[in-house]
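Report on the structure given below.
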2 protein chains.
Amino acid sequence: MRTVLEIQRVLAPDVVDVLKKRYTILRHLRHAGAVGRRTLAAALGMSERVLRAETEFLKSQGLVDIETSGMRVSEAGISLLADMEPMMKEWFGLAELEDRLAAAFGLRQVVVVPGDADRDPLAKRELGKAGAAELTRAAAAMERADNEPLVVAITGGSTIVEVADHLSASQGLKGALFVPARGGLGERVELQSGTIASTMAKRTGGGYRLMHVPDDVGEEAIATLMSEPHIREVADIVRCARIAVHGIGEAYEMARRRRVDAETIQKLRTGGAVAESFGYYYNRAGEVVHRMPTVGLRLEDIQRMETVIAVAGGGSKAEAIAAVLKNGQEDVLITDEAAATAMLQFSSLDAST
Amino acid sequence: MRTVLEIQRVLAPDVVDVLKKRYTILRHLRHAGAVGRRTLAAALGMSERVLRAETEFLKSQGLVDIETSGMRVSEAGISLLADMEPMMKEWFGLAELEDRLAAAFGLRQVVVVPGDADRDPLAKRELGKAGAAELTRAAAAMERADNEPLVVAITGGSTIVEVADHLSASQGLKGALFVPARGGLGERVELQSGTIASTMAKRTGGGYRLMHVPDDVGEEAIATLMSEPHIREVADIVRCARIAVHGIGEAYEMARRRRVDAETIQKLRTGGAVAESFGYYYNRAGEVVHRMPTVGLRLEDIQRMETVIAVAGGGSKAEAIAAVLKNGQEDVLITDEAAATAMLQFSSLDAST
DNA sequence: AATGGTCGGGACGTAATCGGTCCCGGTTGA
DNA sequence: TCAACCGGGACCGATTACGTCCCGACCATT
């Protein structure tokens, strides 16, 4: 039997956010006493208008009193706040996880959604939603020349599909150009980066480019391909990408899905590969032990990038995520509660050995 | 300590509606099996588009599967539905109350909101919201000549203030003309019908007219006033009203608030007055025992009206509401759970004696 | 095999809402 | 006395919601 809250998370997923927002406002307001809209909005990092809408709502519910000197929480509001405190603790536990992860892996920002993507499809959707939100925000924050489209590099995987599905048209992403970070990597077509890039373009009203590169070609064939003008052109665009959104996979799982040859498997095994991202395989220390031979982004391109967003969750991926983050290209991580908890355990174990 | 649900009812009142809507869709869908959008929309009385948005959401949550033959509830949906059933019963209890009230008092439609307006301010707000929704719907359903504004007659009272506060601009009410149903009845200004009419006009973008009639004048003075062109003009407009929205009060309570003279009090007492509405006082049988002398709507005008909406709640008003409804001018009743339950008790008592 | 009805999905224009921004007159506290 | 801050009002572009119609696919009946 599910709880009321779980049912709501399925049937009306946004309410949790709304509740959290209003709770936060009430809390700050109780702490700050009589304070005005602009001051409060600045303190909470909200825009004046949305905070205004919220406070007007809270006023209409009789939870805050509005006086000429400012707003303050009413008796009813204080009582409600007290009743909410315990049930909010659970949700705000995530904020603490975020801070600890950001510190442990040197990230600019971390978002942790509740649940475990391994077991709960909802958690995966939440990952996608959060990823889409971060991408949108990152794009909005970029300074852009008018004539130059914002290039966003995308990898494949089911998690990134979720990100694509939660994107929508916005100012920041208007006219953005979505490109696959790397060429064909032998996935199913609906999980391939090209498919995802086109979805994103469609949903945001942007454009996209594809690299039509055959799978399973050798290093020398890549060199030949790169001299093709079509491929070359797209590859050049990809290297101008300012944002990248990528998933993270377990090394062997990815190798299996991509049907890599026995020789490579052996290489991964001797190298102790645990993680895959962007077609690179990493060991637990975050060192690259193998690189899929295909065109597109190289590690140094990723380093140059302004915002690299990793989206991956599920307890089973914790080790892989930690490994990739140790390599240290990422700026933003979107993950779930299960992975976050496990990652912190890994990282404290490493620190102690 | 409040329950999660009660907290939500305060902090996010709309979710209950959303939940109910989605639950209803799931339920009907489970019952109907594979069925299409249009068919389902017709069965549920929704527009095709909103049902589509909902089913797309339900699909995105994995609760329904969409096939070429139609939509059907998925395994996960069935399990969720089972979990929801008990918690929904509580909310759907209200639907049953609505049906019984409609049958008992011969009403076209009844809306029962949860709670007790006597004790819970939220219930009163819900009354206002439901009243505003019904008014909007009634207005939208009217056939209107282009050049003739839709006239809506309004009474006073705190409940109708709530209705006004929940109105917003809509197509149906565009250009509507709000008028006080009757002249000054000696209330506080913020509870007077004129004030409310102007609020409604402002919120909907419509117009309003006021009757500037002094309080406490005799019958003969009324006749004189009616010959005044200004008064006369507005009174004529009022009588063309096609919709009325009114509150219902307890007889003595209203008499007290309006500071009526001792003689009238005596008249009310001998007549057994229990209820007041539109300035008319009713006994338990629904007979008019007194009429406040002022200009505006007469009982026969109300009879002619296309839609008369009564909005009143609170257990203490149950008897008064029942009395007014027995007179039988009303088409639509908006009330709350406490009043609804008590009214049904009254009505069954009456039937048995 | 033909056909009429219903299916999901796509598209489009308009109404309504949201949200960023600025302004204003009043209040307050230094 | 005055500057800073207050709530409320207003405006406008961006975004969303929604009514409506169309299309090709599919199915059952003819």
Side-chain angles (χ1 to χ4, degrees), chain A residues 14 17-18 21 25 29 32-60 64-72 74 132-133 136-137 139-141 165-175 199 202-206, chain B residues 14 17-18 21-22 25 29 32-60 64-74 132-133 136-137 139-141 165-175 199 202-206:
Chain A
D14 299 340
D17 295 340
V18 176
K21 182 164 63 177
I25 294 173
L29 205 47
V35 68
R37 252 190 297 132
R38 276 157 276 243
T39 316
L40 189 58
L44 292 168
M46 297 178 154
S47 79
E48 183 191 330
R49 199 62 180 74
V50 299
L51 185 122
R52 184 175 178 172
E54 293 304 329
T55 52
E56 271 168 6
F57 167 82
L58 292 173
K59 177 194 160 84
S60 84
V64 308
D65 296 325
I66 295 189
E67 305 159 21
T68 58
S69 61
M71 302 169 287
R72 58 176 69 251
S74 73
T136 306
R137 178 176 342 189
D165 285 345
H166 284 93
L167 278 174
S168 62
S170 76
Q171 200 58 17
L173 282 171
K174 184 179 278 186
T199 306
K202 187 177 175 193
R203 295 191 69 92
T204 59
Chain B
D14 299 340
D17 295 341
V18 176
K21 183 163 62 175
R22 293 182 177 161
I25 293 173
L29 206 47
V35 68
R37 254 189 297 135
R38 277 158 275 243
T39 316
L40 189 59
L44 292 168
M46 297 178 153
S47 80
E48 183 192 329
R49 199 60 181 75
V50 300
L51 184 121
R52 184 175 178 171
E54 293 303 330
T55 52
E56 271 167 5
F57 168 82
L58 292 172
K59 177 194 160 83
S60 84
V64 307
D65 296 326
I66 295 188
E67 304 158 22
T68 59
S69 62
M71 303 168 286
R72 59 175 70 250
V73 186
S74 73
T136 307
R137 179 178 340 189
D165 286 345
H166 284 93
L167 278 174
S168 62
S170 77
Q171 200 57 18
L173 283 171
K174 183 179 279 184
T199 306
K202 187 176 176 194
R203 293 191 68 94
T204 59

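Lettering follows sequence order; numbering is per chain, from 1.
- Taking atom CG on L29(B) and atom P on dC7(C), their separation rounds to 11 Å, with Å as the unit.
- Between the CG atom in L44(A) and the OG1 atom in T39(A) there is a gap of 11.0 Å [rounded to 0.5 Å].
- Rounded to whole Å, the distance from CG on L173(A) to P on dA14(D) is 16 Å.
- When rounded to the nearest whole Å, the span between NZ of K21(A) and C1' of dG19(C) equals 11 Å.
- Rounding to the nearest 0.5 Å places CZ of R37(A) at 13.5 Å from CD of E54(A).
- Here the CG atom belonging to L29(A) is positioned 8.5 Å from the CZ atom belonging to R72(A), to the nearest 0.5 angstrom.
- You'll find that the side chain of R52(B) is closest to dA11(C), out of dA11(C), dG8(C), dT21(C).
- Side-chain contact between D17(B) and K21(B) is absent, with no heavy atoms from C-beta onward closer than 4.5 Å.
- Here dG7(D) presents its P atom at 13 Å from CG of L58(A), a figure rounded to the nearest Å.
- Note: CZ (F57(A)) to P (dG19(C)) measures 14 Å, nearest angstrom.
- Put simply, the side chain of R203(A) gets close to the backbone of L167(A): a donor and an acceptor are under 3.5 Å apart.
- Among the heavy atoms of the strands lying under 4.0 Å from E67(A) are primed sugar atoms or P, OP1, OP2 only; no base atom is included.
- The nearest whole Å value for the distance from the CG atom in L51(A) to the P atom in dC5(D) is 16 Å.
- A 4.5 Å side-chain heavy-atom check between I25(B) and M46(B) finds at least one atom pair inside the cut-off.
- If you measure from atom CE of M71(B) to atom P of dT6(C), you get 14 Å, rounded to the nearest angstrom.
- Spacing between atom CZ of R49(B) and atom C1' of dG8(C) amounts to 13 Å, rounded to whole angstrom units.
- Closest approach to the V35(B) side chain among dT27(C), dT20(D), dC7(C) is made by dC7(C) (side chain taken as heavy atoms from C-beta onward).
- With sequence neighbours left out, S60(A) forms a side-chain contact (heavy atoms from CB on, under 4.5 Å) with F57(A).
- DNA chain D lies under 4.0 Å from at least one heavy atom of each of the following residues of residues 36-43 of chain B: R38(B).
- Of the candidates dG8(D), dG19(C), dC18(D), the closest approach to any side-chain atom of V50(B) belongs to dC18(D).
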